[in-house]
Amino acid sequence: MISCRRTNEHRESDMSGNTDLDKVLGLLEGWRDEMVQVQVELVKRPALGPDNGGAGEWERARYLEQLVRGWGLSVEHLDAPDERVAEGTRPNLVVRLAGDKTSPAVWVMAHMDVVPAGPESEWKTPPFEAVVKDGRIFGRGVEDNQQGLVSSLFALRALKEANVTPPTDVALLLVSDEETGNRYGIEYVLENRPDLVGPSDIVVVPDSGNSDGTMLEVAEKTILWVKFVIEGKQVHASMPQLGLNAHRVSAMLVCRLDEELRKKFSGTDPVFDPPSSTFEPTKREANVDNVNTIPGKEVLFFDCRI
Ligand SMILES: [Zn+2]
């Protein structure tokens, strides 16, 4: 239950019996098309980090900043230096609505970057051109993490426009680099502004859940990405005895790791879904071009959640 103070009016309801919550929810319902439009605009600005071959998050950050300032909210920058992008930094934005008290603040953190679209042939609609169809929006990033980002932004706007003063500060933290390690995002922010998020603050991260919003995740596994480089000896496929087939070795390695890691990390905890650790062979780099060459090198990756 949200309890808020409404400037110059009764705490619980106004003359027509509307509570602050009614008012906020009414505003949000009225902004439905506008929210869809913001999603469409965000999809046009891909925000791929340099580790994913992109130009970073600035185009998207500038759009969001202009939008938020237009609503009368202020934006603070905590940009992280990164020479790989044209602007020289990766943007991290704080949008804060003052409450009756500043602490403990309620934070909502969303990330601006997206993952690459993958092969376009696998898409039924263009990945970076949002399509609205059957009550849904299709485009790269609309779910991860734009749904969380857009809904949080409009929630803050609704509190402001309804003249609701929350009991404590409510702040949004819009970060870069969530998809490729957080170094230029939340890690940079926490290292450089240790005062920003207090130990008793509440932090909500709308980046996972179920369709009706009833799931609240309270634990997350530790992630470990491992790259394996297998060096063999490349030879013609008719003379395998002269070489060392890196492909075969990597296949055996994957099977062995799959078995051993499951045995070693066999513990389960129902707080996680799935309850056990996972060790998944994922990416493999292309090896030889032709079918009659034994590859002399294999590069493969594991995604582990422990
Ligand atoms: Zn995400």
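The figures here come from the full heavy-atom set of this structure, side chains too, leaving out hydrogens, waters and symmetry mates. Every value quoted in this text rests on a predicted model; they were computed, and no experiment measured them. One-based numbering, in listed order, for ligands and for the atoms of each.
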The Zn ion (ligand 1): protein N, O or S atoms that are less than 2.8 Å away, sorted by chain: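 H111 NE2, D144 OD1, D207 OD1, D207 OD2, with waters left out.
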
Quick one about [Y] and [X] (side-chain donor to acceptor, distance below 3.5 Å, no hydrogens or angles considered), yes or no?
X    : Y    : answer
E187 : N182 : no
R60  : Q146 : yes
H111 : D113 : yes

Identify whether NZ of Lys or CZ of Arg in R90 sits under 6.0 Å from the centre of the six-membered ring of W58 and within 45° of that ring's axis.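 No - R90 does not lie over the ring of W58 by the 6.0 Å and 45° rule.
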
Are K283 and F301 in a cation-pi contact, defined as NZ or CZ under 6.0 Å from the six-membered ring centre and within 45° of the axis?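 Yes, K283 and F301 form such a contact.
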
Please confirm whether the ring centroid of F128 lies under 6.0 Å from the ring centroid of W123.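 Between F128 and W123, the centre distance exceeds or equals 6.0 Å.
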
